[in-house]
Amino acid sequence: MNLLIVTACPNGMVTSVLTSRLLEAAAHRMGWSTAVEVHDPKAIGSPLTPAQIANADLVVVVKTGPLSLQRFVGKRVAQSTPSEALLDPEAFLRSAADTSSELQQDDGADAAHTNGKPKLVAITACPTGVAHTFMAAEALQQAAIRKGYDLQVETRGSVGARNVLEAQAIEEADVVLLAADIEVDVARFAGKRVFRCGTGVALKQPDATLDRALEEGAVLSGGVAATSAGGEQKGEKTGVYKHLLTGVSYMLPMVVAGGLLIALSFVFGIEAFKEEGTLAAALMKIGGETAFQLMVPLLAGYIAYSIADRPGLAPGMIGGLLAGTLGAGFIGGIIAGFVAGYAAKAVSRWIPLPASIESLKPILIIPLLASLVTGLVMIYVVGTPVAQMLAGLTEFLDTMGTSNAILLGLLLGTMMCVDLGGPVNKAAYAFSVGLLASQSYAPMAATMAAGMVPPIGMGIATLIARRKFAQTEREAGKAALVLGCCFISEGAIPFAAKDPLRVIPASIAGGALTGALSMAFGAKLLAPHGGLFVLLIPNAINHALLYLLAILAGSLVTGVVYAVIKRPEAQPLAVGAAA
């Protein structure tokens, strides 16, 4: 007898593991061959492969909650609960073999179509968790209404998960849509069809994204979605870039909190923190000496987490802390994250262990070996040369002449406006944030100033050329002004999606000017987010009036250029009464 054992007890992981082990031992005593799946990729037991399912004579499912059995349609299936299976495992298996019947249709699949509508659940998540996350969710929900689909969306933004998907909704869904630019935990979707794409794709093409999810979703097994012969699902950010964005996403709250606390300490004077026992000294200790010290370990830890899941977290953070103590900074932290992640993944995949001690892998063996490899690489290979390189870069930024500063500002300003919150924008922002740990504050000022220009510019254009814009665009322009002041570049996306060949060049022109002016004025910003509202904190930025002038100049250039080159919206023709 070729037996498959599937256990799913989400409220009692020990019960799942114990049931699977006792049933497997009983089957071996009876001379049956077995394959086991504990329905959680982090538990003991590998996900069943299509080949194992195809060759199975009997599938025994022991569960206490909803579980999709669609992949077992056509096989002999017996279902029960842990209390019955644990009473007498051998008798239970014999009874299951006698009473099993061919599964014709999964009840969960039937329930998903009782109302005649395709059912989908989705998660949206972007690196900063501010704009793309929620805009993509809204676009998908509106598209689902237009198409008559049943859709529930969970947003994983900077404030945490909102509208968290319930187990029943996941179970009944035809497909799971992951519109995420960072790594998200997919353990709860094991066995479901999953389609992955970026938030930008979901935002700009929501109707097509929903249709493609229903058509191209692939079954998730062990935390990895199967791919078609064509390779990776289109639109998904994968590999190095996605891992880096995951690390940046988890690091940002620490950087923002630390930067604002440092800025607050300057309210009492630029050097007030040097007086021991004062509030300024306490704020600097919390922000500069604590929050900023954790910045690089968080970056490295969550890069490793994105690559190897939880086993990569500890070695990644250890490597990141080593990068900080060795002077390798954020560049060393990035390297440490990738070394730790791939080391943990290699240990997990290539070091086989007996089943009796397999459970020790994620809590003992992987952290130990991966931390050892990462630490030795950082100390003996990476630390010193990267520290020297970072020191050289910091010295160059601190001593560069006006011409070089302007060129750097032009480059950062252009990058911030090329894709409005996309990969190039995030690369420029991550570069500037990383330099904060080295006390290089000028690039951060240029980056944030340029990032505010596109949405403010679009708002200005709708004010000075009202007749060229439809009423809905004028309303979007008001919202863009507010978003721009908050340093949310994505506020210009509604305009760029509709007219990219004019909006993007106009935004680049203004953003490049603002970045160059910010660097030429010598503006230095200590807080990595907050937009114009950061200026309310005394000493958060030097040359505040010149900094405002740079933002205003670039925004006016963008607004005027776009107002001039934009084509007027087609006006509806008046229809006479005679017609």
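These numbers come from the heavy atoms of this one structure, side chains and all, not from hydrogens, waters or symmetry mates.
In this structure, CD1 on I379 lies 10.5 Å from OG1 on T374, to the nearest 0.5 angstrom. To the nearest 0.5 angstrom, M295 atom CE is 10.5 Å from M254 atom CE. With rounding to the nearest 0.5 angstrom, the CE atom of M251 is 9.0 Å from the CG atom of L298. In this structure, the separation between CD1 on I406 and CE on M519 is 9.5 Å, given to the nearest 0.5 Å. Interatomic distance, L545 CG to F521 CZ, rounded to the nearest 0.5 Å: 11.0 Å. If you take NE2 on H543 and NZ on K524, they are separated by 8.0 Å, rounding to the nearest 0.5 Å.
With contacts defined as side-chain heavy-atom distances shorter than 4.5 Å, the pair T209/V201 qualifies. Two residues are said to be in side-chain contact when any heavy atoms from C-beta on lie closer than 4.5 Å; L313 and Y302 meet this criterion. Using a 4.5 Å heavy-atom threshold, the side chains of Y305 and H243 count as separate. In this structure, I303 and L244 have side chains that are in contact, with non-hydrogen atoms separated by less than 4.5 Å. Counting only heavy atoms from C-beta outward, the side chains of L372 and L376 approach each other to under 4.5 Å. No side-chain heavy atom of V176 sits under 4.5 Å from any side-chain heavy atom of L165. Annotation: side chain of P454 is not in contact with side chain of T558 (no heavy-atom distance under 4.5 Å). Here the side chains of M378 and V339 are not in contact, with every heavy-atom distance at 4.5 Å or above.
The main-chain N or O of G217 is found under 3.5 Å from a side-chain atom of R193 such that the two form a donor-acceptor pair. The backbone N or O of A428 sits less than 3.5 Å from a side-chain atom of S432, completing a donor-acceptor pair. Checked by atom type and distance alone, the side chain of T290 pairs as donor or acceptor with a backbone atom of K285 at under 3.5 Å. The backbone N or O of T155 lies less than 3.5 Å from no partner atom in the side chain of T124, so there is not a single donor-acceptor pair. Remark: side-chain polar atoms of K192 are paired, donor with acceptor, to backbone N or O of I170 under 3.5 angstrom. With hydrogens and angles disregarded, no donor-acceptor distance shorter than 3.5 Å links the side chain of Y250 to the backbone of G301.
The shortest heavy-atom contact between A523 and I541 is CB-CD1, 4.3 Å. Nearest approach of A343 to V373, heavy atoms of both residues: CB-CG1, 4.3 Å. Taking every heavy atom of both residues into account, S555 and T514 meet most closely at N-OG1, 4.4 Å. Shown here for P455 and G484, the closest heavy-atom pair between the two residues is CG-CA, 3.3 Å. Between A344 and I366, the shortest heavy-atom distance links the atoms CB-CG2, 3.6 Å. Between Y429 and M416, the shortest heavy-atom distance links the atoms N-SD, 4.2 Å.
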Show your working on side chain to side chain contact (heavy atoms under 4.5 Å, CB included) between I456 and L552 and close with a plain yes or no.
CA-CA 9 Å; I456 295 177; L552 180 60; over 6 Å; no
Output, in order, the C-alpha distance, side-chain angles, deciding distance and verdict of side chain to side chain contact (heavy atoms under 4.5 Å, CB included) for L178 and V194.
CA-CA 7 Å; L178 299 179; V194 174; 3.7 Å; yes
Stepwise, does the side chain to side chain contact (heavy atoms under 4.5 Å, CB included) test hold for L407 with L411?
CA-CA 6 Å; L407 289 175; L411 176 61; over 6 Å; no
Enumerate, atom names and distances included, each donor-acceptor pair closer than 3.5 Å involving a side-chain atom of residues 315-324, sequence neighbours excluded.
none

